[in-house]
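Quick notes on the structure that follows.
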Amino acid sequence: MNKTPSYLAFESLIDLSRKAAIAKNLEYSENENYFFCRSFTDLSWYSRVNINSMPVKDEEMLKKIVELCSEPDSPKYLSLAKEDMYEGFEDDLFKAGFVLAKLQKGMLYDLSKAPEYEPEPNVISVSEENIDEWIAACEGSFKKSGTAPAFKIFAKEKDCHFYGYMKDGKMVSCALLNVTNVNGGIHEVGTYEEYRGNGYASALIKTIIREAPGFGCNILSLQASVFGEPVYKRLGFEIVSEIANYKR
C-alpha cells in the first residue's frame, strides 16, 4: 500500500495492536483500507478499527466497520486521519451512531535532520527485569490501570524499547519506542504529575532521537495530544495529519 505521511503516523500503533493480538491468539484483520483488532487489556488503543484510507465513499466498507463496532466486545475506538477521508465522511459516521471522542495530531520526525544530543545520564533502558517499575510509572503518569499484560508482552519483543527517567532512585517518567521497518513509533510518554515541568519527558525523547538510527529507523512517529503537541514541536516534530477518534 501507499504509505502516506498520515498513515506513517499510525503505523506503529497498528503494529503494536497486531503484536498484542498475535501473542494472545486474538482476532485481528487488515487490508489496504482498514485494520481491526480486539482488546484483551484496559488499554483502549489495542482495541480498535483504524481506517487507513477512504478517499471515496465505500458503502460496503462503512457497513463492515459499523458491524465491527457494534458487537458486544467491539473495539473502543474508530480512528482515522481526516486527510485520508472523503468529504462528508464525518456526517456519515454521525448518522451511523458514532460520536467524536478525542482529537490528536499525527507527527513525524526526520532523523536525518537530528542534532547530536549528548547521552542523558538519568535515562535508562528498561528490560523485562525492571518492566514492573516502568509500568508503575506509566500507570501513575496517566492515572490508569490494567496495562501490565500488554506491556509485558512488548517487553519480550526485540523491536520494542522501553525508557525511563530516574530521579532520586525512582522512575518518574516513561516512554516506549516500537520499531516498524524504518519507522520508530513513540508511545506512552508520561511523567508523574508532581515531577512535570522539569524536562524529563523531553530527555527521554532526545534519547530516542539519538538511539533510533541504531535500530534502523530513519523517521519517528507519534500521535500527540493537545498537551504533548507543543513539546514535540519544540523538539522538531512536524504535524502531518489530524487524527480523529470516534466511539459508538
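Numbering starts at 1 and runs along the sequence shown. All values below come from the heavy atoms of this structure, side chains included, with hydrogens, waters and symmetry mates left out.
For Q104 and N245, the side-chain atoms include at least one donor-acceptor pair closer than 3.5 Å. A side-chain donor from one of N50 and N52 sits under 3.5 Å from a side-chain acceptor of the other. Side-chain contact, H161 with S125: no donor N or O sits under 3.5 Å from an acceptor N or O. Defined by atom type and a distance below 3.5 Å, a donor-acceptor pair is missing between the side-chain atoms of K167 and N198. Looking only at atom types and distance, the side chain of T147 has a donor-acceptor partner in the side chain of E139 under 3.5 Å away.
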### Query
Would R210 and E118 satisfy salt bridge (charged side-chain N to carboxylate O under 4.0 Å, His left out), going step by step from the backbone distance to the final call?
CA-CA 8 Å; R210 186 172 62 85; E118 293 295 322; over 6 Å; no

### Query
What do the steps show when you test S6 against D84 for side-chain hydrogen bond (donor to acceptor under 3.5 Å, both in side chains), and what is the final call?
CA-CA 8 Å; S6 52; D84 294 335; 2.5 Å; yes

### Evaluation steps, salt bridge (charged side-chain N to carboxylate O under 4.0 Å, His left out), between K206 and E120
CA-CA 8 Å; K206 289 177 181 178; E120 296 279 353; 5.1 Å; no

### Task
Could you walk me through whether S173 and T191 pass side-chain hydrogen bond (donor to acceptor under 3.5 Å, both in side chains), step by step?
CA-CA 4 Å; S173 191; T191 304; 2.8 Å; yes

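Criterion: ILVMFWY side-chain heavy atoms under 4.5 Å apart, direct or through other members. Under it, L204 and I219 are not part of a common hydrophobic cluster. When hydrophobic clusters are built by joining Ile, Leu, Val, Met, Phe, Trp and Tyr residues whose side-chain heavy atoms come closer than 4.5 Å, directly or via intermediates, M85 is not grouped with I239. Clustering ILVMFWY residues whenever any of their side-chain heavy atoms sit less than 4.5 angstrom apart, transitively, puts L103 in the very cluster that holds L80.
The local environment of CD in E238 is sparse, with at most 12 non-hydrogen atoms from other residues, nucleotides or ligands closer than 6.0 Å.
Of the possible polar contacts, none joining the W134 side chain to the V126 backbone as a donor-acceptor pair under 3.5 Å is found. Side-chain N or O atoms of N31 include one that pairs as donor or acceptor with a backbone N or O of Y34 at under 3.5 Å. A side-chain donor-acceptor contact under 3.5 Å links R248 to the backbone of A96. With hydrogens and angles disregarded, no donor-acceptor distance shorter than 3.5 Å links the side chain of N181 to the backbone of N183. Side-chain atoms of E188 do not come within 3.5 Å of backbone N or O of C138 as any donor-acceptor pair. Counting only distance, with no hydrogens or angles, the side chain of E133 and the backbone of M171 share a donor-acceptor pair below 3.5 Å.
Scanning both residues, V240 and M107, for their nearest heavy atoms gives CG2-N, 4.2 Å. Taking each heavy atom of S141 and G190 in turn, the nearest pair found is OG-C, 3.4 Å. What you find for F10 and A81 is that their closest heavy atoms are CE1-N, 3.8 Å. Closest heavy-atom contact between E129 and S127: OE1-OG, 2.8 Å. Of all heavy-atom pairs between C160 and N178, the closest is SG-OD1, 3.3 Å. When all heavy atoms are compared, the tightest approach of Y165 to V123 is CD1-CG2, 3.7 Å.
Y7 does not carry K3 over the face of its six-membered ring by the limits of under 6.0 Å from the centre and within 45° of the normal.
Remark: E193 engages K143 in a salt bridge, criterion side-chain N to carboxylate O under 4.0 Å. Checked for salt-bridge contact, D15 and K19 meet the test: a charged N lies under 4.0 Å from a carboxylate O. Salt bridge status for E229 with K105: present, with a side-chain N to carboxylate O gap under 4.0 Å. Between E194 and R196, no side-chain nitrogen of the basic residue sits less than 4.0 Å from a carboxylate oxygen of the acidic one, so the salt-bridge criterion is not met.
L111 has its side chain within reach of L220: a pair of non-hydrogen atoms, C-beta onward, lies under 4.5 Å apart. Here the side chains of L13 and Q223 are in contact, with some heavy-atom distance below 4.5 Å. Between L8 and L108 the shortest side-chain heavy-atom distance falls below 4.5 Å. The closest side-chain heavy-atom distance from F151 to F162 is below 4.5 Å. Two residues are said to be in side-chain contact when any heavy atoms from C-beta on lie closer than 4.5 Å; F215 and L177 meet this criterion. Within the 4.5 Å cutoff, the side chain of S202 has heavy atoms near those of the V231 side chain. Inter-residue side-chain proximity for T207 and Y117 is flagged as unmet; no heavy-atom pair is nearer than 4.5 Å.
For the atom pair CZ of F89 and CZ of F94, the computed distance is 8.0 Å after rounding to the nearest 0.5 Å.
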